[in-house]
Amino acid sequence: MSEKKKIYKPKPVSGFPEWLPEYRAVEQRWLDKIRGVFESYGYCSIETPAIEELEVIAAKGEDVDKEIYVLERLQADPDEKKDARLALHFDQTVPLARYVAQHFADLTFPFKRYQMQKVWRGERPQMGRMREFYQCDIDVINVDSLPLHFDAEVAAICYEALEALDIGRVQLRISNRKILMGFLESLNVPDKKTNGETTVKLSDETKAEIIRDIDKLEKIGKKVLLSRLEQTLLVVGELGVNFQTFIEPFLNLAETKIKPGENILELFQNNSEIDSSNEMLREGIEELQFVLDQLAHLPEHAVVADLSIVRGLDYYTGTVYETQLLDVPEFVGSVCSGGRYDDLAGSYINKHLPGVGISIGFTRLFDVLRQAGKIQPGQKSPADVLVVLPSEERRAEAAQTARTLRERGLKVELYHAPQKVGKQISYAEKKGIPYVWFPPFEDGNAHEVKNMATGEQTEATPNDWTMND
RNA sequence: GCGACUGUAGCUCAGCUGGUAGAGCCCUCGGUUGUGAUCCGAGUUGUCGCGGGUUCGAGUCCCGUCAGUCGCCCCA
């Protein structure tokens, strides 16, 4: 007879966050604010399915492949293999490309859209890194060519959206991939095979390795970075000793944060060790300068050019962005990143569709600030008023009071049982409901309302009371 | 995927060199009649992550496993 109820103890699944009501309330408010800023620039909303065909999602590059969640039925029918495999989307940029290609005929270009949905990545979770999270994307896609102004516009919009959240100072860091690509292309480094007698161009593989490492410049520093390059590349390599001395001048530039108004080309030309005549390099500098100067209206700290920003995703071809929270130094990751991609939809449609966009890593942003204690939790209930239930006999009257208040635009909860008044009040207190309404407990008595913050209680009528009374 | 650390009540944790589990918070009730956040009193709560081993005996030691945290890779 003493058999115990079997309980399955719930455990949170790491990397799949969920919040208590008081934080969810803040999260909703933030999403509304971001949406408001996006729409104020005329960007429209779309939503794409949580899943895409694996073929579509995996189009990005090998590194992300291993992080893709695929979807299958528990009882997968072996004969069903002919069906396309499905996968949860990894980001919203690739689904956008597919969407644009698919609805090409019905869209108006330049197509400006925002999209706020969850995405999934199978990574090891840690501070600021989840396996399920919201991204707030804003992108512009056009046919044939896309004016460079948009590279500045999407950045400015995102900055404004972040500013609207009142989260302290944020800094956009912008670069242009063409600069680093052009620089690496221009190099003639000593050939190992000839013991440095002749020179050789960097292979794509080597370039990729260097790019990956330069991304870490701020984190690990120039010295460590150079010795790392030496270690990884000399071994692999076609490169002769001291090849790092060819990279170093660039790192010196990449270490500085360039403000709007500064002349980037001059910085290169003043550095005699860098050959700034490379065409791609020049183009990148010009573009970066343009975008940077277009953002000069933003506050002092808000935007810098930072040549160490290159971004991991392969599809970016020009402008790239990252964003730091300057007032949360314990977190160094980017909370808002993106870039320009010249032809992401090219594999779905026979049109040239360049785009540029940025994505706010919403859940990361929210959770990092929450953990840093910078988010004031909201109310546990959206209600403005709790109507006390005096007795079962007076339920109809109390319900009518609540209805009247609701009709006047207030959010009103009616207490569920005629319990002791003290209990009803403490319920309101716990849920953070700011006002408690007392309908008459006896015929002929007046309504009263209590302000929970001040403890003050006054007579009132449901038809004309307002929260400021 | 690799490395380090952790895993005891709903939550935060204590439990010394092995002897059959404890504190605070939370929650419930009470301190008479219609008033919360303080105070006082009483009460409920545990496969000690899971499986195996050593032992007369394991929350405590050993092995395995799973999960979590942090770091690396990568990224929002």
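Numbered from 1 within each chain, the chains take letters A, B, ... in sequence-line order.
Residue ring and base: A:F362 does not count as stacked with B:A76 (centre distance below 5.5 Å and interplanar angle below 30° not both satisfied). Aromatic stacking of A:F438 on B:G34: not satisfied for centres closer than 5.5 Å together with planes under 30 degrees.
Here the straight-line distance linking atom CZ of A:R98 with atom CG of A:L344 works out to 12.5 Å at 0.5 Å rounding.
When the P atom is compared between B:C27 and B:G71, the two are found 34 Å apart, to the nearest whole Å. Comparing the C1' positions of B:G52 and B:G46 gives an interatomic distance of 23 Å, to the nearest angstrom. Nucleotides B:G18 and B:A9, compared at atom P, are 23 Å apart to the nearest Å. For the P atoms, the distance from B:A14 to B:C61 is 14 Å, rounded to whole Å. B:G49 and B:U44 have their C1' atoms separated by 24 Å, given to the nearest Å.
Residues A:F183 and A:F250 place their aromatic rings such that the two centres sit under 6.0 Å apart. Outside the 6.0 Å centre-distance limit, the rings of A:F133 and A:W120 are not counted as a close aromatic pair.
Going from atom CZ of A:R124 over to atom P of B:C74 covers 17 Å, rounded to whole Å.
Of the candidate nucleotides B:A76, B:G34, B:C70, B:C70 has the atom lying nearest to any side-chain atom of A:Q126.
Remark: A:D166 CG is loosely packed, at most 12 non-hydrogen atoms of other residues, nucleotides or ligands lying under 6.0 Å away.
Taking for each of A:K420 and A:E123 the nucleotide of RNA chain B with the nearest heavy atom, the 5'-most of the two is the partner of A:K420.
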